[in-house]
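Working notes, beginning with the structure itself.
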There are 2 protein chains.
Amino acid sequence: MKVINGGVTAAQGFQAAGIAAGIKKGNAKDMAMIYSTVPCRAAGTFTTNIVKAAPVKWDQQIVYHAPAAQAVVCNSGIANACTGEEGYSYCKKTAQTAAAILGIPEDSVLVASTGVIGKQLPMDILEAGVKKMVPLLSETEAAGTLAAESIMTTDTVKKEIAVETEINGKKVTIGGMCKGSGMIHPNMCTMLGFLTTDVNISKELLQEALSDNVKDTYNMVSVDGDTSTNDTVLLLANGQAGNKEITEKNEDYSKFTEALGYVNTWLSKHIAADGEGATALFEVKVIHAESKEQAVTLSKSIITSNLTKAAIFGHDANWGRILCAMGYSGAKFDPEKVDLYFESAAGKLKIIEDGVATGYSEEEATKILSEKEVTAIADIKMGEAQAAAWGCDLTYDYVKINADYRS
Amino acid sequence: MKVINGGVTAAQGFQAAGIAAGIKKGNAKDMAMIYSTVPCRAAGTFTTNIVKAAPVKWDQQIVYHAPAAQAVVCNSGIANACTGEEGYSYCKKTAQTAAAILGIPEDSVLVASTGVIGKQLPMDILEAGVKKMVPLLSETEAAGTLAAESIMTTDTVKKEIAVETEINGKKVTIGGMCKGSGMIHPNMCTMLGFLTTDVNISKELLQEALSDNVKDTYNMVSVDGDTSTNDTVLLLANGQAGNKEITEKNEDYSKFTEALGYVNTWLSKHIAADGEGATALFEVKVIHAESKEQAVTLSKSIITSNLTKAAIFGHDANWGRILCAMGYSGAKFDPEKVDLYFESAAGKLKIIEDGVATGYSEEEATKILSEKEVTAIADIKMGEAQAAAWGCDLTYDYVKINADYRS
């Protein structure tokens, strides 16, 4: 497996477009489209929030019941959440408009929205946007990048990646893009992620591969503890790689899930690193846990602790807050057996041993914590399971961005 | 029942002292003592964090097993948490020192600590502090205030209150003080709260009254979602009011719990209002819930949402974040039936009706949200239960305080 240039247009048969349709102020890009020249098998994971945005409901119908998917229309600026029946009718209208121009069935068009909750979409602008994007659809790398830029809200950088692997003698490509930044605490998946691949795989295994992998990637990210109403990850597979269809969990399936895992992990870490106001990616590893579940609970409790996040912003080795966050997580462990390390490009330091400070150098700890990516490793000495979670520091800018997000 | 001046020295037979012993820098007050002239029945509630500070373990032994309690020694500046056996030995040593001078049993001296986690207490300073405080013990209001000031860490105001009621023809007084500000998300009780009363009540009912009431008061407060290692509420009753001992849940018990509830609610709201960096008290009421548990889950989910807290700081009626926080709380409800109001001294406004925006005036909403105390009321139209929770806004100063708390 190797990483290649590109994003959602990297896999064979996928095209994309991204434009400034006029939903956002100031001519910012706000609409994207992904299109496959042939029908795809679709997998998806969606928010567990009871308050589900209209596009989530629309896409669930398609992923769970429609025979195929062939296009995705996404807008940023307005989330189309808490918009009632009117909001849902706009999803249908958007899909109808795209389907008519593209000459594909209405129920093969997925839609996604991200932005302010509670506002209705300007349907005239959205329809005009769809009509404008279809002639711009292109399989170039640049077209994929335009799409990745068009789904951003408070993101400061686009997030796209592509990898290539060989399955059954054929080159298989997976490309992906996502957006993150705020209201990021995915419970079944992240804010918005779009993955395209030319692999030939059964719909059942495609969904299983995605659902399994999401648990270790997007679900291990938290920027602010708020699970969004719009969380959606979509994975489209059009089979253009020409490999023999994957229908069981054999070596081919392993190669595919390995590549998929790489893409999702990369995107997840980049969502965390670009969390609203973030100055650092904060990675937490819990090792030697009794069970995976225990390691997940502990690592997520640490990355969501406001006090810990503020200490990371201050480059302060305030390990008491980490132990405290482990203690209230609900997972059982012996605090008096915990070893804790901080690690970054500047080195690795053991901060506590068996629950008590080691007498480490504060100066050295601060140096390690001043890097752009810092890792805390908690060794709880109970077994062989482990987990990693990704978050970011809590900064003045997080408060600033969210105190006046709507204005 | 009426509110009177004073705090922990208001009830008959209680004395207090507060001094700058030298644990904190810059001659700040950092040690407090409460003493009853006669032995008390003691009730307590403690943190549910697995990582329990040494004083929590010491106090649990006394509240659950010792025949009586007569004094409390509290220090601020260092939490004596994550300090191993050495830390626990300092609790014993502190109690021994106080017991010897006061002429009372060692197991009648409760201890409490708050401040930085992981540092050992300077035992020489602590012992000298105890010796200095005993001669200063006084039943004056000023002595109670000194004690309330000495337990503060990042608190900006002292928190003390006293109320008077009549039980069985006798005047009964309850006084209390507490500290809060950061690492505040009590799970069985709050950071540190000390209550004194001269009521005559059985130990069993004293504990039951406290445990019941804590659920509706301290446990409904959150500043930052972080459940502390040191949470402790202690309630000492010395019987000096001379009322007939309360041994059953009769009218006398109701009068006592009503007064206790007033004290705890007042202290809880003041912890929230003085949350680290806070500019506003944020109260959330969930009404017409199916069950108390559901109302509690929903209201706590809203007050702990970073995005909602940042919007309150920005005086922004970003109701989508409130509905979103309800949606991921785990409680079941119908988002399309929810009405939401904002209320403050500046007025009351219906923001959403049946899950959709009412077309309210943003200007009026901002005016309401610009007050020092703001309330959000969510009517979920399912039943007759309700709950209230208290938090605060998320501000630049919260980040500032916690990015460099230890320096």
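Just so you know, these numbers use all the heavy atoms, side chains as well, and skip hydrogens, waters and symmetry mates. Lettering of chains follows the sequences in order, A, B, ..., and the numbering in each one begins at 1.
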Kindly give the heavy-atom pair with the smallest separation between B:Phe313 and A:Ala403, and that separation in Å. CD2-CB, 3.8 Å

Considering non-hydrogen atoms only, spot the tightest contact between A:Ile117 and B:Gly320 and give its length. CG2-CA, 3.5 Å

To the nearest 0.5 Å, what is the distance between CG (A:Leu307) and CD (B:Glu276)? 6.5 Å

Return yes when atom CD of B:Glu293 has more than 12 non-hydrogen atoms of other residues, nucleotides or ligands closer than 6.0 Å, and no otherwise. no

What pair of heavy atoms forms the shortest contact from A:Val399 to B:Tyr396, and how long is it? CG1-N, 3.8 Å

For the student: nearest non-hydrogen atoms of B:Ala331 and A:Ile50, plus distance: O-CD1, 3.0 Å

Do you know which of A:Ala357, A:Cys82, A:Ala81, A:Ser301 has the most heavy-atom pairs with chain B at a distance under 4.5 angstrom? A:Cys82

With sequence neighbours left out, write down each residue that passes side-chain contact (heavy atoms from CB on, under 4.5 Å) with B:Ala310, or none if nothing qualifies. A:Asn402

Other residues, nucleotides and ligands only: do more than 12 of their heavy atoms fall within 6.0 Å of NZ on B:Lys337? no

With a sphere of 6.0 Å drawn around NZ of B:Lys332, does it hold more than 12 non-hydrogen atoms of other residues, nucleotides or ligands? no

Heavy-atom cut-off 4.5 Å, strictly under: side chain, backbone, both or neither for A:Thr395 against chain B? backbone

For chain A, the option from B:Ile312, B:Leu394, B:Val356 that forms the most heavy-atom pairs under 4.5 Å: B:Leu394

Report the option among B:Gly84, B:Gly327, B:Pro335, B:Ala311 that has the most heavy-atom pairs separated by less than 4.5 Å from atoms of chain A. B:Gly327

Quick one: side chains of residues 51-58 of chain B, donor-acceptor pairs under 3.5 Å with protein atoms, not counting sequence neighbours, listed by atom name and distance.
residue, atom, partner, partner atom, Å
B:Lys52, NZ, B:Thr47, O, 3.3
B:Lys52, NZ, B:Asn49, O, 3.0
B:Trp58, NE1, B:Val109, O, 2.9

Would you say NZ of A:Lys367 has more than 12 non-hydrogen atoms from neighbouring residues, nucleotides or ligands within 6.0 angstrom? no

Using a cut-off of under 4.5 Å for heavy-atom pairs, which of B:Ser329, B:Ala325, B:Ser305 has the most such pairs with chain A? B:Ser305

